[in-house]
Amino acid sequence: MISIIVPVYNVEKYLEECLESIKNQTYTDIEVILVNDGSTDNSQVICERYCQQNPRFYLINQENQGQSVARNNGVVISKGEFITFVDSDDVIKSDMLQQLMRYMDTGIDIVECDFTEDKEIYNIKNRQLKIEEFTSSEALKKCFDMEIKWSPVAKLYRRKIVEGTPFLENLIYEDLYSGIVSLKNIEKMRKINYIGYYYRIHPRSTMRRKFDSKNLDLFKIGDSLLEKFSEDKLLPYIAKVLFLVCIAHVELYKIRPGHPYFKEYDGNLKKYLGIAKKSSEVLKSSKLLRWYNFSSKLFIIIIFPLYLKYLDIRNKINYKRDNLE
């Protein structure tokens, strides 16, 4: 059985579409754990209705404690041999679980498919699938190169992996820690180039929230990862990932000289760069590290914003080409 964990908080606008996509899964041996994290809108009412209509749906109500606590509590009461996470404002294709389960096998601890933030790409019919298999170290390196995602969604986990890496509580960006550490704990994983998950971006999304001091949780997560891998030869790779996430923040929130937290971001970027540079292989693998190392000011103001625009255009062209051939 697959346990589907869905943390719910004030998403009445999107919740029914999410739950319908789960209810209509072609793989039917499922239980759906809805964890209402103290919603103040009609989300609880919607959850209760689905639980009344479908015996596979269960509801937990808790005081508002955050997404990580909701996920952890859902895992505790779940019974499935396998676990997947769906955010309550997102949508999954009707055969997503069937596709993931098809490639779950002995010795495989995670099966991952693709997700997209583009509804047009999500609606493109998937064609011939490509299946890749990785050991733990291979999967970590793919993650460091952004080819495997650290997000917990669009994945099917063997239960022991989730239980062995609970989400860090009372922090945002906890996915970064759990996603990377979980790969450290697997035997093998598989990735399929199937787009099964629509990740909805809206003003309440973590990466679209207005900047406040809570965003500095990123550095607490970073310190936890650096400590976890402190004796590991992959430490420079961890620093590379932290650098990339941090520089993405700098652009997203327009953190420039004069911003109240610029010094914290600047200091951590330099720290991550310093650790990453200890490996010539890591430095060689990332032009962003090299560009920043050459001129941090020029990189932040001009080079990185232009590079992001280029990537957005390239990715859309590639997705459409690969799925229409």
Counting C-beta onward and ignoring hydrogens, is there a side-chain heavy-atom pair between I5 and T84 closer than 4.5 Å?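 No - every pair of side-chain heavy atoms lies 4.5 Å or more apart.
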(request) Quickly, which of E112, E147, E133 forms a salt bridge (Lys or Arg N to Asp or Glu O under 4.0 Å) with K191? Name it, please. (result)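 Of the listed residues E112, E147, E133, the salt bridge (Lys or Arg N to Asp or Glu O under 4.0 Å) partner of K191 is E112.
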Under 3.5 Å, is there a donor-acceptor pair linking the side chains of [X] and [Y]?
X    : Y    : result
S68  : E169 : no
D145 : S285 : no
E117 : Y122 : no
Y237 : D232 : no
Y194 : D114 : no
Q62  : D37  : yes
Q44  : E48  : yes
D41  : S43  : yes
S182 : N185 : no
E20  : Y50  : yes

Charged N-O contact under 4.0 Å between [X] and [Y]:
X    : Y    : value
D266 : K271 : no
R159 : E163 : yes
D87  : R200 : no
D175 : K149 : no

Would you please indicate if the ring centroids of [X] and [Y] are separated by under 6.0 Å?
X    : Y    : answer
Y177 : W150 : no
F167 : F85  : yes
Y261 : F211 : yes
H249 : F219 : no

Report yes or no: does N10 contribute a side-chain atom to a donor-acceptor pair with the main-chain N or O of T40 at less than 3.5 Å?
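Yes; judged by distance alone, with no hydrogens or angles, the pair exists.
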Requested in this report: Give a yes or no answer on whether the side chain of D109 reaches the backbone of E187 with a donor-acceptor pair at less than 3.5 Å.
Outcome: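 Yes: the side chain of D109 pairs with the backbone of E187.
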Subject >> Aromatic ring pairing F243/Y292, orientation class (parallel under 30°, perpendicular over 60°, tilted between) >> reply: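 Geometry flag for Y292 against F243: perpendicular rings.
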Gap separating the NZ atom of K155 from the CD1 atom of I110, nearest 0.5 angstrom
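Those atoms lie 6.5 Å apart.
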To the nearest 0.5 angstrom, please state how far the CD1 atom of I255 sits from the OH atom of Y265.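 If I round to the nearest 0.5 Å, the distance is 4.0 Å.
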Item to complete: Would you sort out whether K160 and E81 count as a salt bridge (Lys or Arg N to Asp or Glu O under 4.0 Å), showing the intermediate values?
Response: CA-CA 9 Å; K160 65 179 182 180; E81 180 184 359; over 6 Å; no
Should we count NZ of K287 as having more than 12 external heavy atoms under 6.0 Å?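 Not more than 12 within 6.0 Å, no.
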